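Since the structure comes first, as structure tokens, the remarks are kept for the end.
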Amino acid sequence: MIWNRERECMPRTQLRELQLAGLKWTVDRAYERVPFYRAKMDAIGLRPQHIKTLADVKNLPFMTKQDFRENYPFQNFAVPKEKLVRIHASSGTTGKPTVVGYTAKDLEMWTELMARIVCQAGVTPEDTAQIAFSYGLFTGAFGLHYGLEKLGCAVVPIGGGNTEKQLMLMEDFGTTVLISTPSYALYLAERAEELGIDIQKRLRLRVGLFGSEPWTEEMRGQIQDRLHILATDNYGMSELIGPGVAGDCEAMAGMHIAEDHFLAETINSETGEVLPLGEEGELVFTSLDKEALPVIRYRTKDISVIDYTPCSCGRTHARMRKIFGRADDMLIIRGINVFPSQIESVLLSTAGVGPHYQINVWRRNYLDELEVLVEFTDDSMLDNYKKLDALTAHLKERLHNVLGINVKLRLVEPHTIERTTVGKAKRVFDHRNDPE
Ligand code: ADP
Ligand code: ZN
């Protein structure tokens with residue numbers, strides 16, 4: 001089903017007109033009301049009236065997460081504080097968090113957008129949706145919550161963690177939709193299996209909406225097989241609005257970007273140069289109708305490709321391919337670029353090892369060393385060194401083929417790698433700059 005046909009299936013010429021009007025409105029307001037934007041534009045002699053076409057967006061300066069931090073908490077806002085009705089902030093494990101605000105109109109827009117995202121993932125008003133994201137400053141839970149309610153389904157706001165209770169309510173309430181991080185979905189499957197819950201017989205789950213952290217197609221496959229659901233992807237970030245920027249449709253061939261609210265570009269991460277349509281690069285977004293916090297050319301660090309070809313579902317908005325990784329997650333090991341997603345793809349497509357892994361990078365004797373820990377799945381392996389050795393050698397070879405470097409591989413016993421039950425999974429630990 002299509003939530004808002006007029007918007008989602010808008011002819012692209014009309015969409016571009018809407019985008020241009022939104023871009024001009026955003027730049028005007030940002031220049032008039034936010035000293036940060038005014039200073040950045042003045043520094044290069046750019047005035048709002050110089051933005052005449054959509055292509056002119058490339059003349060505007062970029063902004064990064066750092067710009068949010070430096071203007072902590074409210075200096076980038078384009079409305080007085082009394083106009084705000086909600087404030088969120090991103091995790092910010094170190095230093096000040098990045099703070100974002102919403103007017104009543106912004107919240108309405110976000111809710112509408114989220115209803116669209118859940119609808120295109122196949123959720124209907126008859127569904128019961130369990131939100132296993134943590135409620136709080138994090139945008140994920142609230143975003144999905146209001147969107148699902150708007151669509152008309154029953155929301156179970158259990159929040160993050162509490163896995164056994166999650167499973168109990170899922171069974172007792174007949175939950176059909178799961179909202180969580182992909183890593184938590186896998187953990188739920190694992191706990192259910194351990195507790196002897198027959199997922200197919202006792203649970204009624206049918207669709208999952210997963211996001212907030214990178215996950216590979218292989219991970220999608222495992223979640224689908226183990227939870228017996230359709231595992232859909234959705235993407236967003238608090239700086240822009242929260243979840244709702246893009247999401248899978250029934251065609252499952254890339255996530256439709258809400259182009260009526262956000263202008264998307266892909267750039268070369270190193271040079272900042274705008275890439276031709278269809279080339280892989282860093283995603284950059286500009287908000288088109290946000291009141292409280294206009295965002296101009298925000299560099300996401302997320303690597304993807306945008307596909308402008310028509311989708312079989314009838315929606316006209318472009319689709320972004322699943323995020324390949326973040327520019328700043330890329331590890332440089334002895335000069336070779338390695339994305340954690342490449343490692344995940346290999347591990348999750350190898351029989352005999354589970355989906356839980358950890359990546360460590362060390363510098364020993366001035367040389368970088370990449371160590372991958374992964375659990376073997378079959379307990380009987382413990383007594384069978386030959387089998388363990390063979391599996392280790394097989395994985396090392398596969399990783400070498402994909403990454404082009406030697407990896408130190410350690411198979412560990414099932415359940416020894418820590419699971420993330422609340423928040424985003426952390427799997428990569430770079431120890432190269434640790435104090436001695
Ligand atoms: P939120 O609080 O909405 O998760 P954050 O600002 O904390 O927003 O994090 C946003 C980042 O999370 C994105 O820039 C991206 O790196 C990652 N992310 C969010 N959704 C996805 C997704 N579906 N796939 C891959 N990465 C994602
Ligand atoms: Zn589609």
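Start at 1 and go down the list; that is how both ligands and their atoms are numbered. One is the number of the first residue; the rest follow in order along the sequence. Because the structure is a prediction, the values reported are computed rather than measured.
For the pair Arg432 and Trp362, the NZ or CZ position fails the cation-pi test of under 6.0 Å to the six-membered ring centre and within 45 degrees of the ring normal. Geometrically, Arg38 engages Tyr31 in a cation-pi contact defined by less than 6.0 Å to the ring centre and at most 45° from the axis.
Side-chain contact, Thr103 with Arg86: no donor N or O sits under 3.5 Å from an acceptor N or O. Between the side chains of Ser183 and Glu213, a donor-acceptor pair is found at a separation under 3.5 Å. Side-chain N/O atoms of Tyr135 and His145 include a donor and acceptor closer than 3.5 Å. Side-chain atoms of Gln66 and Thr64 form no donor-acceptor pair, as typed in the model, at a separation below 3.5 Å.
At least one heavy atom of Pro214 sits closer than 4.0 Å to an atom of ligand 1. Ligand 1 has Lys424 within reach: a non-hydrogen atom of the residue lies less than 4.0 Å from it.
Short contacts between ligand 1 and Glu239, defined as distances under 4.0 Å to a heavy atom of the residue, involve ligand atoms 6 (O). The ligand atoms of ligand 1 that sit less than 4.0 angstrom from a heavy atom of Phe138 are 1 (P), 2 (O), 4 (O). Heavy-atom proximity to Ile323, at under 4.0 Å, picks out these atoms of ligand 1: 24 (N), 25 (C). Heavy-atom contacts of Gly211 reach the following atoms of ligand 1: 23 (N) (cutoff under 4.0 Å).
Contacts between Met237 and ligand 1 below 4.0 angstrom, taking non-hydrogen atoms only, involve backbone and side chain alike. Contacts with ligand 1 closer than 4.0 Å are made by backbone heavy atoms (N, CA, C, O) of Glu213 only, the side chain lying farther away. If you look at Asn234 next to ligand 1, the close heavy atoms, those under 4.0 Å, all belong to the backbone.
Residues Arg299 and Ile267 are in side-chain contact: their nearest non-hydrogen atoms beyond the backbone lie under 4.5 Å apart. Inter-residue side-chain proximity for Gln342 and Thr216 is flagged as unmet; no heavy-atom pair is nearer than 4.5 Å.
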Derivation of the side-chain hydrogen bond (donor to acceptor under 3.5 Å, both in side chains) call for Tyr235 and Asp302: CA-CA 10 Å; Tyr235 168 82; Asp302 297 321; 2.6 Å; yes
Arg29 and Glu291: CA distance, side-chain angles, deciding distance, side-chain contact (heavy atoms from CB on, under 4.5 Å) verdict: CA-CA 9 Å; Arg29 279 181 95 239; Glu291 288 186 337; 4.2 Å; yes
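For a distance threshold of 2.8 Å, the protein N, O or S atoms nearer than that to the Zn ion (ligand 2), listed by chain and number, are Cys249 SG, His256 NE2, Cys311 SG, Cys313 SG.
For the pair Ser90 and ligand 1, the shortest N or O to N or O distance does not fall below 3.5 Å. For Asp302, a nitrogen or oxygen atom sits less than 3.5 Å from a nitrogen or oxygen atom of ligand 1, counting backbone and side chain alike.
The shortest non-hydrogen separation linking Ala246 to Met320 is CB-SD, 3.8 Å.
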